[in-house]
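Proteins come first, then strands; the chains are lettered A, B, ... in the order of their sequence lines, and each starts at number 1. Keep in mind that the numbers below use all heavy atoms, side chains included, and drop hydrogens, waters and symmetry copies.
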Protein chains: 2
Amino acid sequence: MTRPDVPCSAVAVDLAVLTVRDRCLHVLVVVRAKRPHQGRLALPGGFLEPDEDLDQAAHRELAEETGLDAADLNVHQLRSYGAPDRDPRGRVVSVCYVALMPDLPLPIAGGDARAADWAPVEQLLAEPDQRAFDHHLLLTDAVEHARDRLSHTTLATTFCPPEFTIAQLREVYEIVWGTQLDPSNFHRKVTGAPGFLVPTGGRTAGTGGRPATLHRAGPATRLHPAILREPHSEQHTKGATGHEYR
Amino acid sequence: MTRPDVPCSAVAVDLAVLTVRDRCLHVLVVVRAKRPHQGRLALPGGFLEPDEDLDQAAHRELAEETGLDAADLNVHQLRSYGAPDRDPRGRVVSVCYVALMPDLPLPIAGGDARAADWAPVEQLLAEPDQRAFDHHLLLTDAVEHARDRLSHTTLATTFCPPEFTIAQLREVYEIVWGTQLDPSNFHRKVTGAPGFLVPTGGRTAGTGGRPATLHRAGPATRLHPAILREPHSEQHTKGATGHEYR
DNA sequence: TAAATAGTGTCTCTCAGACATTATCTT
DNA sequence: AAGATAATGTCTGAGAGACACTATTTA
């Protein structure tokens, strides 16, 4: 943009790359090598190049930071952040993306000489002021976004290896949502949702119990019916209380 | 941003202001007075000022275009658009906002000497190539976003005047969704959803039928249970067909 | 055998959709 | 009265949650 009458900003693309490992939700973080916020943990990201789309920039950054081809790793734009003082270097508007992926070996430290590693989300969210920039806010929104999407999309399978058991899938839901789910009802629901799971014919062995059938992700992207997150029990006050909406 | 190593972009904020009038969903559009796309219809918007947040910019633009104080008109950020060639003048990344409002008198032509007026959404969407920039895409996404939100939030009341009947509210759902809803079931659902509606005590008169009780919007923002958009009937194939997911 | 895990069946309650019925106004 | 619109009631079926029960492995 060369017109002098138009305010000029830098546009950054930041990524919240989520995975499930060690029974916890983790996010990919980098240690900042330069000022500002030197030494602090930040979400990986970078500036938009002159000739690329936002989605392209997100895929490029993901490849640079993790070495992975992000062809279909479920990368989705979340929203943008533009507080005037969010970057002390100047005006930076950041477009945040959320990426979900299985627990693959380990990301390679990126070309920026920054160390990329997994960090447990719960721990990061417990320290609101320790992140670089407003990345605590980005992470909060990204996690909430992912949680919401699990209930009505088939996205949970992207946290799983290519073949997985229903117990593994249930564990993903339990970890991301931080709740316990009834194994019986969960089994009935996910096997009943058309296109969610496809049995591969294989079975587990040596787990000290009845072998589980292996599945892979089916063709569906939307989940019908949805897997509900909260057992939304409202009408507990069956008594003579007058109004009861909160 | 003054650092020479960072690519520079203009950041625009565009608004899809939706309302229901004349039994149709309408969107606020301006006629572009300058090149490029001179004479074409565009969504109102403008460039981000150096010291304002994205949300502030959206509110400012809304005030400039409509003369309305957008304090709580349900303005929400939708997503950002950044195709390299979306603006022929140069690199512009646009953050799109969706605003929902009741059918108020009429917007004032803005300070940019552009005429602002309501246009029926259905008609605009039928002509994909007649909009300025990629505003057809923005509008498509904004409408879909609004439709989705109606089902699980109390947002539909923002299309209504301060006091309204349940039939008026149902009309909003029917117009936005383009479907017909059963008046009886709709009545039962919206009156049963806690915090959605509050009876004012008033009633309509002179409508040639039983008077309807007037309501105003309640304190709730989320809808429990949700008002379903599609009568998602799936299991019609009760026969002996083996697999039936699509 | 017991323990452990996988998977099925059953019951109850909520809620959606279809539609009949009653209520209250205007003409 | 008739017609119109508002509101309630009733029935059926889908689906969620609780939980008993069966199935199949390892130790």
Side-chain angles (χ1 to χ4, degrees), chain A residues 150-152 163-171 173-174 177 179-194 196-197 199-215 222-238 244-245, chain B residues 150-152 160 163-171 173-174 177 179-194 196-215 222-238 244-245:
Chain A
L150 282 206
S151 53
H152 54 270
E163 295 199 356
F164 53 88
T165 67
I166 290 182
Q168 284 178 287
L169 182 65
R170 176 166 48 85
E171 196 180 33
Y173 277 91
E174 290 179 338
W177 285 349
T179 58
Q180 291 286 109
L181 298 173
D182 183 285
S184 312
N185 294 331
F186 183 82
H187 189 283
R188 175 167 34 83
K189 282 200 271 193
V190 296
T191 53
F196 191 13
L197 302 181
T200 63
R203 297 183 157 267
T204 57
T207 56
R210 175 175 173 173
T213 61
L214 290 171
H215 300 261
R222 292 270 166 184
L223 219 44
H224 277 294
I227 313 275
L228 296 186
R229 179 170 162 192
E230 309 166 48
H232 54 230
S233 49
E234 308 279 327
Q235 287 81 331
H236 285 305
T237 55
K238 286 276 188 180
E244 64 244 24
Y245 55 78
Chain B
L150 281 205
S151 52
H152 55 269
C160 296
E163 294 199 357
F164 52 89
T165 67
I166 291 182
Q168 283 178 287
L169 182 65
R170 176 166 48 84
E171 196 180 34
Y173 276 91
E174 290 179 337
W177 285 349
T179 58
Q180 291 286 109
L181 298 174
D182 184 285
S184 312
N185 295 331
F186 184 82
H187 188 283
R188 176 166 37 81
K189 284 200 270 193
V190 296
T191 52
F196 192 14
L197 302 180
V198 177
T200 63
R203 299 184 155 266
T204 57
T207 56
R210 174 175 172 173
T213 61
L214 290 171
H215 300 261
R222 292 270 165 183
L223 220 45
H224 277 293
I227 313 275
L228 296 186
R229 179 171 163 192
E230 309 167 46
H232 54 229
S233 49
E234 308 279 326
Q235 288 80 329
H236 285 306
T237 55
K238 286 276 187 180
E244 65 241 24
Y245 57 80

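- The interatomic distance linking B:Phe164 (CZ) with D:dA6 (P) rounds to 14 Å, in whole Å.
- The CZ atom of A:Arg229 sits 12.0 Å away from the OH atom of A:Tyr173 when rounded to the nearest 0.5 Å.
- When rounded to the nearest whole Å, the span between NE2 of A:His215 and C1' of C:dA6 equals 10 Å.
- For a distance-only test at 3.5 Å, the side chain of A:Thr207 fails to qualify as a donor-acceptor partner of the base of D:dT26.
- Along DNA chain C, the nucleotide closest to A:Thr213 and the one closest to A:Arg188 are compared, and the more 5′ of them pairs with A:Thr213.
- When rounded to the nearest whole Å, the span between CZ of B:Arg203 and C1' of C:dT24 equals 8 Å.
- Across the protein-nucleic acid pair, A:Arg229 atom CZ and D:dA16 atom C1' stand 17 Å apart, rounded to whole Å.
- A:Ala167 comes within contact range of the sugar-phosphate backbone alone, with a heavy-atom separation under 4.0 Å but no base atom that close.
- In this structure, B:Arg210 places its CZ atom 7 Å from P of D:dT8, rounding to the nearest Å.
- Using a distance-only test at 3.5 Å, with no hydrogens or angles considered, a donor-acceptor pair links the side chain of A:Thr204 to the main chain of A:Ala212.
- Here NE2 of A:His152 is found 5.0 Å from CZ of A:Arg222. Values are rounded to the nearest 0.5 Å.
- Distance from the side chain of A:Pro225 is smallest for D:dG15 among the nucleotides D:dG15, D:dA7, C:dC15.
- Within 4.0 Å of A:Ala226, counting heavy atoms only, lie sugar-phosphate atoms of the nucleic acid but no base atom.
- Spacing between atom CG of A:Leu197 and atom C1' of C:dG7 amounts to 14 Å, rounded to whole angstrom units.
- Taking every side-chain heavy atom of A:Ser184 into account, C:dG9 is the closest of D:dG17, D:dA7, C:dG9.
- Dashed line: the shortest gap from a side-chain N or O of B:His187 to OP1 or OP2 of D:dA6 is not under 4.0 Å.
- Residue A:His224 contributes atom NE2, which lies 15 Å from atom C1' of C:dA16 at whole-angstrom precision.
- Remark on DNA chain D: of its neighbouring residues B:Thr191 and A:Pro211, the 5'-side contact belongs to B:Thr191, judged by nearest-heavy-atom nucleotide.
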Verify side chain to side chain contact (heavy atoms under 4.5 Å, CB included) between B:His215 and B:Glu163, making sure each step is shown before the conclusion. CA-CA 5 Å; B:His215 300 261; B:Glu163 294 199 357; over 6 Å; no
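- Considering only heavy atoms from C-beta on, B:Phe186 comes within 4.5 Å of B:Leu169 through its side chain.
- Proximity of a side-chain donor or acceptor of B:Thr200 to a complementary backbone N or O of B:Leu214 within less than 3.5 Å is detected.
- The nucleotide whose nearest atom lies closest to any side-chain atom of A:Lys189 is, among D:dG9, D:dA16, C:dG7, D:dA16.
- In this structure, NE2 on A:His187 lies 14.0 Å from CG on A:Leu181, to the nearest 0.5 angstrom.
- The nearest whole Å value for the distance from the CG atom in A:Asn185 to the C1' atom in D:dA14 is 15 Å.
- Counting heavy atoms from C-beta outward, B:Pro225 and B:Lys189 have side chains that stay 4.5 Å or more apart.
- Annotation: of the two residues near DNA chain D, B:Ile166 and A:Ile227, the 5′-most nearest-nucleotide partner is B:Ile166.
- Each end of the helix from C:dT1-D:dA27 to C:dT27-D:dA1 gets its own rotation axis from five pairs of C1' atoms, and the angle between them is 10° to the nearest 10 degrees.
- Not a single donor-acceptor contact under 3.5 angstrom links the side-chain atoms of A:Asp182 to the base of D:dA16.
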